[in-house]
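All remarks here apply to the structure that follows.
Naming convention: chains lettered A, B, ... in sequence-line order (proteins, then strands); numbering from 1 in each chain. All of these numbers come straight from a predicted model, not from anything done at the bench.
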Protein chains: 2
Amino acid sequence: MSQLATMNVTVAPVDKFREFLLTKKMRLTPEREAVVTAIYSSHDHFDADQWVDSLAGRKGSMLASRSTVYRTLHLLQEAGLIRKVARANDREVYEHDYGYPQHDHLICKKCGDMIEFPNEMISSVLETVAAEHGFRMSGHRLEVEGICAKCSRPPQRTHRKLDMI
Amino acid sequence: MSQLATMNVTVAPVDKFREFLLTKKMRLTPEREAVVTAIYSSHDHFDADQWVDSLAGRKGSMLASRSTVYRTLHLLQEAGLIRKVARANDREVYEHDYGYPQHDHLICKKCGDMIEFPNEMISSVLETVAAEHGFRMSGHRLEVEGICAKCSRPPQRTHRKLDMI
DNA sequence: TTTGCTGCAGCAACTAGTTGCATAGGTTAG
DNA sequence: CTAACCTATGCAACTAGTTGCTGCAGCAAA
């Protein structure tokens, strides 16, 4: 979430989530609030496990169980606050999907780095394709894999020793 | 794999796989051959489980164990014979990636149908984006989700009863 | 306050998929 | 033919993620 500009956000994520839950006659419980707060305390990509660790037992105090973390992640997706962007290292990777412009990712197979790029072109192509098929598109997930510039540069420069071992 | 035309295939999949394995000093064992044959006996999308079922124990004779099926699927991906296209019903969905033109999928969230569409436009947009970032792209995976024409049509026609229950 | 309803958390058992390990089996050298 | 060497297999144990169940908390009516 680094190279793209932040958009205006008028309602705090927690409140947006509460609103969403209300429409489904559900409550913003302390456990759910803990998950949202944790996730929105940083602006990076994240996977479920780090929150399971810090919220449920292993590393922190018990704020929400494993099941609750996962269930809340699903709710947050439904609410449009986060979205799954890729699967890396056997984990689903999520990112905030509220207050940020649309983009997709180049994923480096070597270092695992995810490079964001804006996707208006792609979205508009998809709109056309979908229309042709009478398909009501609600979203997409695009993972472009390959080797990033850093990793494909042959290791030949000076101060290379710092990068190795 | 239905609506797009078949391309010319000069070498049989099994032979292509054997070639690939040779370059890695690996053998085309009976187990591996059984998996490839099974997969190429039909031209549909498929998931690992159906082969685990039919090859390893549960439904058929024991031709290859669970581990071997999964390991062979990875090898087949490396060899460029199959590719993962989506994740549906908690399963990875694969398709043949040899002898077929490039395409992506519209995935219906209701009926699970996968509609293929050719993707030259998207590929070329991605080429440009990748070049801008000095990224050496090796492939991509695009899942477009939404509701297909069939499912979004309101249920109001005649002979509707046939479709229900 | 009591009774009843409903949503929800946590547990434990489950599924898909992966991996470490011991061993079977094939290939080459002597 | 045998020994040494590897690769590949199957098993069992593991991981990430999901789900059914039970019992509890919060609210509403009486």
Side-chain angles (χ1 to χ4, degrees), chain A residues 17-18 20-36 38-39 45-79 82-94 112, chain B residues 17-18 20-36 38-39 45-79 82-94 112:
Chain A
F17 192 39
R18 192 184 349 249
F20 167 82
L21 290 171
L22 273 176
T23 69
K24 304 195 71 178
K25 299 207 177 187
M26 297 171 99
R27 287 170 300 199
L28 181 68
T29 61
E31 289 82 0
R32 286 174 182 159
E33 191 163 355
V35 176
V36 184
I39 285 172
H45 294 122
F46 62 93
D47 62 58
D49 205 54
Q50 52 190 268
W51 303 124
V52 171
D53 278 358
S54 69
L55 296 172
R58 270 182 276 188
K59 283 177 194 163
S61 47
M62 176 71 163
L63 294 172
S65 72
R66 214 155 66 100
S67 331
T68 302
V69 172
Y70 282 111
R71 284 195 267 239
T72 307
L73 287 178
H74 282 285
L75 289 170
L76 285 168
Q77 270 188 96
E78 262 189 79
I82 63 174
R83 69 179 195 124
K84 260 184 220 172
V85 283
R87 171 164 267 263
N89 294 329
D90 279 321
R91 306 251 168 87
E92 293 288 356
V93 177
Y94 297 84
Chain B
F17 192 38
R18 192 183 351 246
F20 166 81
L21 289 171
L22 273 176
T23 70
K24 303 195 73 180
K25 301 208 178 186
M26 298 172 99
R27 291 170 298 205
L28 181 68
T29 60
E31 288 83 359
R32 285 176 184 160
E33 191 165 354
V35 176
V36 183
I39 285 172
H45 294 123
F46 62 92
D47 61 60
D49 205 55
Q50 52 189 267
W51 304 122
V52 172
D53 278 359
S54 70
L55 296 172
R58 269 183 277 187
K59 283 178 193 161
S61 47
M62 177 69 164
L63 294 173
S65 71
R66 213 156 66 100
S67 331
T68 302
V69 172
Y70 281 111
R71 283 195 269 238
T72 307
L73 287 178
H74 282 285
L75 289 170
L76 285 167
Q77 271 187 96
E78 263 189 78
I82 63 173
R83 69 179 197 125
K84 262 185 218 171
V85 284
R87 172 163 267 263
N89 292 329
D90 278 321
R91 306 250 168 86
E92 292 289 355
V93 178
Y94 297 83

Legend entry - Contacts of B:Arg71 that satisfy side chain to side chain donor-acceptor pair (under 3.5 Å) - sequence neighbours left out: none
Legend entry - All side-chain contact (heavy atoms from CB on, under 4.5 Å) counterparts of B:Arg18, not counting sequence neighbours: B:Asp15, B:Leu28
Legend entry - Nearest-Å distance for atom pair CG/P, residues B:Leu21 and C:dG26: 17 Å
Inset, instruction - Rounded off to whole Å, could you give me the CG-to-P distance for the A:Leu73 and D:dG17 pair? - result: 9 Å
Legend entry - Under the side-chain contact (heavy atoms from CB on, under 4.5 Å) test, residues paired with B:Ala79 that sit two or more places apart: B:Phe17, B:Phe20, B:Leu81
Inset, instruction - Figure out the CH2/P separation between B:Trp51 and C:dG17, and round it to whole Å. - result: 14 Å
Legend entry - With sequence neighbours excluded, residues passing salt bridge (charged side-chain N to carboxylate O under 4.0 Å, His left out) with B:Glu33: none
Legend entry - Value in whole Å for how far the P atom of D:dT15 lies from CG of A:Asp47: 15 Å
Inset, instruction - Go through the structure and list residues passing salt bridge (charged side-chain N to carboxylate O under 4.0 Å, His left out) with B:Lys25, not counting sequence neighbours. - result: none
Inset, instruction - Using whole Å, report how far CZ of B:Arg91 lies from P of C:dG17. - result: 7 Å
Kindly give the atom pairs (protein nitrogen or oxygen, nucleotide nitrogen or oxygen) under 3.5 Å for nucleotides 19-22 of chain D.
{"residue": "D:dT19", "atom": "O4", "partner": "A:Ser67", "partner atom": "OG", "Å": "3.4"}

Inset, instruction - Residues of residues 24-32 of chain B with any non-hydrogen atom less than 4.0 angstrom from an atom of DNA chain D: list those, numerically ordered, please. - result: B:Met26, B:Arg27, B:Thr29, B:Glu31, B:Arg32
Inset, instruction - Applying side-chain contact (heavy atoms from CB on, under 4.5 Å), name anything that partners A:Ala88, two or more places apart in sequence or on another chain. - result: A:Val93
Legend entry - Point-to-point distance, once rounded to the nearest 0.5 Å, from CD of B:Glu92 to CG of B:Asp49: 12.5 Å
Legend entry - Earlier contact from the 5' end, DNA chain C, for B:Ala48 and A:Thr72: A:Thr72
Inset, instruction - Would you indicate, yes or no, if C:dG10 has its OP1 or OP2 atom less than 4.0 angstrom from a side-chain nitrogen or oxygen of A:Thr68? - result: yes
Legend entry - Length of the CG-P vector between B:Leu22 and D:dA8, whole Å: 11 Å
Legend entry - Residues forming a ring pair (Phe, Tyr, Trp, His ring centres under 6.0 Å) with A:Tyr94, sequence neighbours excluded: A:Phe46
Inset, instruction - Can you pull out how bent the helix from C:dT1-D:dA30 to C:dG30-D:dC1 is, comparing the axes over its first five and last five pairs, to 10°? - result: 0°
Inset, instruction - State, yes or no, whether a side-chain contact exists between A:Val69 and A:Arg66 at a heavy-atom distance under 4.5 Å. - result: no
Inset, instruction - Return the value, rounded to whole Å, for the distance between atom NE2 of B:His74 and atom C1' of C:dT18. - result: 7 Å
Inset, instruction - Kindly write out the residues that satisfy salt bridge (charged side-chain N to carboxylate O under 4.0 Å, His left out) with B:Arg27, not counting sequence neighbours, or none if the list is empty. - result: none
Legend entry - Between D:dT15 (C1') and A:Gln50 (CD): distance, integer Å: 16 Å
Legend entry - Sequence-distant partners of A:Glu31, salt bridge (charged side-chain N to carboxylate O under 4.0 Å, His left out), two or more places apart: none
Inset, instruction - Return yes if the base of D:dG10 and the side-chain atoms of B:Arg66 contain a donor-acceptor N/O pair under 3.5 Å, otherwise no. - result: no
